[in-house]
There are 2 protein chains.
Amino acid sequence: MSLPQRPAPLRLGIAGLGTVGVGVLKILRREAEMITMRTGRAVTVTAVSARNRGKDRGVPLEGYAWEDDPVALATRDDIDVFVELMGGSDGPAKAATEAALKAGKDVVTANKAMLAIHGQALAELAEAHGRVIRFEAAVAGGIPVVKALTEGLAGNNITRVMGVMNGTCNYILTRMQSAGLPYDVVFQEASDLGYLEADPNLDVGGIDAGHKLALLAAIAFGTKVCFDGMELEGIGRITIEDIRAAEDMGYRIKLLGVSQMTGRGLEQRMAPCLVPSSSPLGQLEGGTNMVVLEGDSVGQIVLRGPGAGEGPTASAVLSDLCDIARGFRLPVFGQPAETLSAAEAAISMTPAPFYLRMALQDKPGALAKVAAVLGEAGVSIHRMRQYDHANGTAPVLIVTHKVQRADLDLALAGMAKTGVVEGEPVALRIESV
Amino acid sequence: MSLPQRPAPLRLGIAGLGTVGVGVLKILRREAEMITMRTGRAVTVTAVSARNRGKDRGVPLEGYAWEDDPVALATRDDIDVFVELMGGSDGPAKAATEAALKAGKDVVTANKAMLAIHGQALAELAEAHGRVIRFEAAVAGGIPVVKALTEGLAGNNITRVMGVMNGTCNYILTRMQSAGLPYDVVFQEASDLGYLEADPNLDVGGIDAGHKLALLAAIAFGTKVCFDGMELEGIGRITIEDIRAAEDMGYRIKLLGVSQMTGRGLEQRMAPCLVPSSSPLGQLEGGTNMVVLEGDSVGQIVLRGPGAGEGPTASAVLSDLCDIARGFRLPVFGQPAETLSAAEAAISMTPAPFYLRMALQDKPGALAKVAAVLGEAGVSIHRMRQYDHANGTAPVLIVTHKVQRADLDLALAGMAKTGVVEGEPVALRIESV
């Protein structure tokens, strides 16, 4: 039997040789034969770029051309795909991505920030040049969730997307619970372990996870990616007492993203909330990610796996590269960028029970005032606990019946005016998952 | 902006209008616009075929040509894709699939039995004619697991695949546990509820789940699909006492498939076994499926979702159809059929602890004889319980230390010769998951 002629190799230029870039290089070197077998085409590295040429990365770079400038790398005549693993929403990553698309290169990236902010413009640019941008590695590490949503559930109207997608936050919250340690101590541990981004607020402020949710929402609901329209809240105000109170009531606190299309527009929120301890989301420990996809035909699909790290993230980059080598081409967000609708950002109107924690001043009738404000706003109380006074204030925990966020916000504004609540109350949604 | 010219519609012939076929028709009718938006191409039904033309299926068939003969349907000039939803490993399903491929049609099927038995020959036939066979719906219902494995983890050497993939067996086992009912009673319940195949042994004998595992193993390990080489055991011998004993020790009994490549060949087993109650597999209830994929780069990915039913299975068929409409083409088992290696079927040599249950005759020294036989075979005992005699025999439960299956089989053969063990002992592997 004569062998069919193989197509030319798929030639890569890789910008960014941090953990992920090095992981990708290692797989491409080690598994060249397997990848060719699976895709019908060799996938080779032509050139690389990084900030520090001299650094020992544990992988030989002699075989690859070197470029100091990622834009120069992205536009080389001898590459087919620009692999952007530098990070950062703007600056060199964006400049090089745009240059690559204009030069007729496909792009594979792990850059959630760039796509969450500039995704629509980049998708339009890519499609105008007949190019693809693939970003499996940008969301939930090694879990092939972009593929599951864009292709595996392509026959569904997606009704809801949820996910725990920041391993550092989940590590902090589960460690606080298991070790009984306060937030500040565990935050420092995570910092010492190298789990935090250079700007920790990207992690604990919910921004990184929010970027990921915004990308999934665009695919799921056919909307222009709209990070600005997201309700965003970090985990910095969660105390060990919140975690214990939640546990007592059969819940865990997770930084959970929820996105759903409603008659009023696209609801997107990334915020700490309570989920049942016995649910798959409630049982998620440490750095593992979980994404829940709900569709009108399929029902509920749950995907669980490592959300970060060299191997998992490189695995996701390889999935995109193998797809391109196989000739799989589709619009950046699963349908042509020009057909994506403007996402009318809707404040979450889906009613839910809420967990409230506040510090009541030691004044007569304080609790009655709070209860009255809640009642006036139409917020009814399901459970309430008041604890002993300490430092002049008494912690009060309230679980409400189902209420709309707007009504709750009205009540919270009213509480501030009573003069009996110290500081700002914590309000966490109790999600049905 | 001038609209680019749309490619011609993708024209389907659908054979088999049972639950899944009707589900596919409903989605194609309801979501025509969405599918065109996502794939860039209309997906239309030209003709259908089923056994009973007159039956009311709740979906109008007037717009479609009718064929009594699925082979005639499969070879019509006006279809591009033959959608095989009849089932059965041979007979009309196989004849029509072969005819379709020879006539230059792509094939989408939910038929695990046909592919588990004839997969290699059909893959070779498809590839000889430049056609694809897609079978997402054949494995784990709505979970996009074939896609996750073939594409999402394409950069990994897969090290192990595990799964609970027969919802009926999982229903029976979880119902026995939750209601404390014996196997026969719950089997009858499942039968009354319509959960069982016409030949119930396909379900409770592990055959249906075994077919699914064989397909995943072929993709995962690049081997010719080899259902005959699988260790296969059904759930019919599991008693409520086994379930309770397992529960006491912190385990659940699941019909679990495990496939891994070893130095001695491909291990594939589909058998009831014990998994930790607290593990994701242990917590799986009712008809839900779960598949665990392990790769050298990605680590462990867990996928969970509905394993059967109109909506979920139709969702999987639609995923394949959308891929074909998008122009995604890849070999049937993820690499060319001619490159798939012969699967040397290896009896499971991976050592594991085992759970043993046997009925000891009421004779002096019976237990000592059993213990001696185990010791001679090199099987050491981790835990043992003997219960009161009933009907002349005493139930004995043993948990061994890690042992190879071959040594255990030696011990079991030895026990039969002692003359003190009534009937055949039950031996269930305790899987580390």
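These values consider heavy atoms only, across backbone and side chains, with no hydrogens, waters or symmetry-generated copies. In what follows, chains carry the letters A, B, and so on, assigned in the order in which the sequence lines appear, proteins first and then strands, with residues in each chain numbered from 1.
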A.B. asks: Taking every heavy-atom pair that is under 4.5 Å apart, which of B:Ala314, B:Gly305, B:Pro306, B:Pro331 has the most such pairs with chain A?
C.D. replies: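 Highest number of heavy-atom pairs under 4.5 Å: B:Pro306.
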
A.B. asks: What heavy-atom pair brings A:Val43 and A:Ile35 nearest, and what distance separates the two atoms?
C.D. replies: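 Looking at all heavy atoms of both residues, the shortest contact is CG2-CG2, 3.7 Å.
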
A.B. asks: Is the backbone N or O of B:Tyr251 less than 3.5 Å from a side-chain atom of B:Ser277, with the two atoms forming a donor-acceptor pair by type?
C.D. replies: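 Indeed, once roles are kept as given, a pair shorter than 3.5 Å links the two residues.
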
A.B. asks: Hey, is A:Lys26 close enough to A:Glu310 for a salt bridge, meaning N to O under 4.0 Å?
C.D. replies: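 Judged by the 4.0 Å cut-off on N to carboxylate O distance, A:Lys26 and A:Glu310 do form a salt bridge.
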
A.B. asks: Among the options B:Pro336, B:Ala154, B:Gly299, pick out the one with the most heavy-atom pairs lying under 4.5 Å from chain A.
C.D. replies: B:Ala154

A.B. asks: Contact part of B:Asp323 toward chain A, heavy-atom cut-off under 4.5 Å: side chain, backbone, both or neither?
C.D. replies: side chain

A.B. asks: Given that the side chain runs from C-beta out, which part of B:Ile301 has a heavy atom under 4.5 Å from chain A: side chain, backbone, both or neither?
C.D. replies: both

A.B. asks: Kindly assign one of parallel, tilted or perpendicular to the pair A:Tyr195 and A:Tyr171, based on the angle between their ring planes and the thresholds 30° and 60°.
C.D. replies: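 Rings of A:Tyr195 and A:Tyr171: perpendicular, over 60°.
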
A.B. asks: Kindly compute the distance separating CG (B:Asp80) from CZ (B:Arg11), expressed to the nearest 0.5 Å.
C.D. replies: 4.0 Å

A.B. asks: I need the residue from A:Cys322, A:Gly309, A:Pro312 with the largest number of non-hydrogen atom pairs under 4.5 Å to chain B.
C.D. replies: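 The option with the most such pairs is A:Pro312.
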
A.B. asks: Given that the side chain runs from C-beta out, which part of A:Thr150 has a heavy atom under 4.5 Å from chain B: side chain, backbone, both or neither?
C.D. replies: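 When you check distances to chain B, atoms from both the backbone and side chain of A:Thr150 fall under 4.5 Å.
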
A.B. asks: Quick check for you: among A:Thr339, A:Asn157, A:Ile143, A:Asp320, which has the greatest number of heavy-atom pairs under 4.5 Å with chain B?
C.D. replies: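 Maximum pair count with chain B is reached by A:Asn157.
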
A.B. asks: Look at B:Leu318, B:Leu303, B:Val146 and state which one has the largest set of heavy-atom pairs under 4.5 Å with chain A.
C.D. replies: B:Leu303

A.B. asks: B:Thr39 versus chain A, heavy atoms under 4.5 Å apart: side chain, backbone, both or neither?
C.D. replies: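 The answer is neither part of B:Thr39.
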
A.B. asks: For A:Ser319, is there any backbone N or O sitting under 3.5 Å from a side-chain donor or acceptor partner on A:Glu136?
C.D. replies: no

A.B. asks: What residue among B:Glu285, B:Met165, B:Lys254 forms side-chain contact (heavy atoms from CB on, under 4.5 Å) with B:Asn170?
C.D. replies: B:Lys254

A.B. asks: B:Phe135 and B:Phe333: aromatic ring centres closer than 6.0 Å?
C.D. replies: yes

A.B. asks: Between A:Arg30, A:Gln300, A:Met290, A:Met34, which residue shows the highest count of heavy-atom pairs closer than 4.5 Å to chain B?
C.D. replies: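 Among A:Arg30, A:Gln300, A:Met290, A:Met34, the one with the most close pairs to chain B is A:Met34.
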
A.B. asks: Heavy-atom pairs under 4.5 Å with chain A - which of B:Met37, B:Gln283, B:Arg329 has more of them than the others?
C.D. replies: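 It is B:Met37.
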
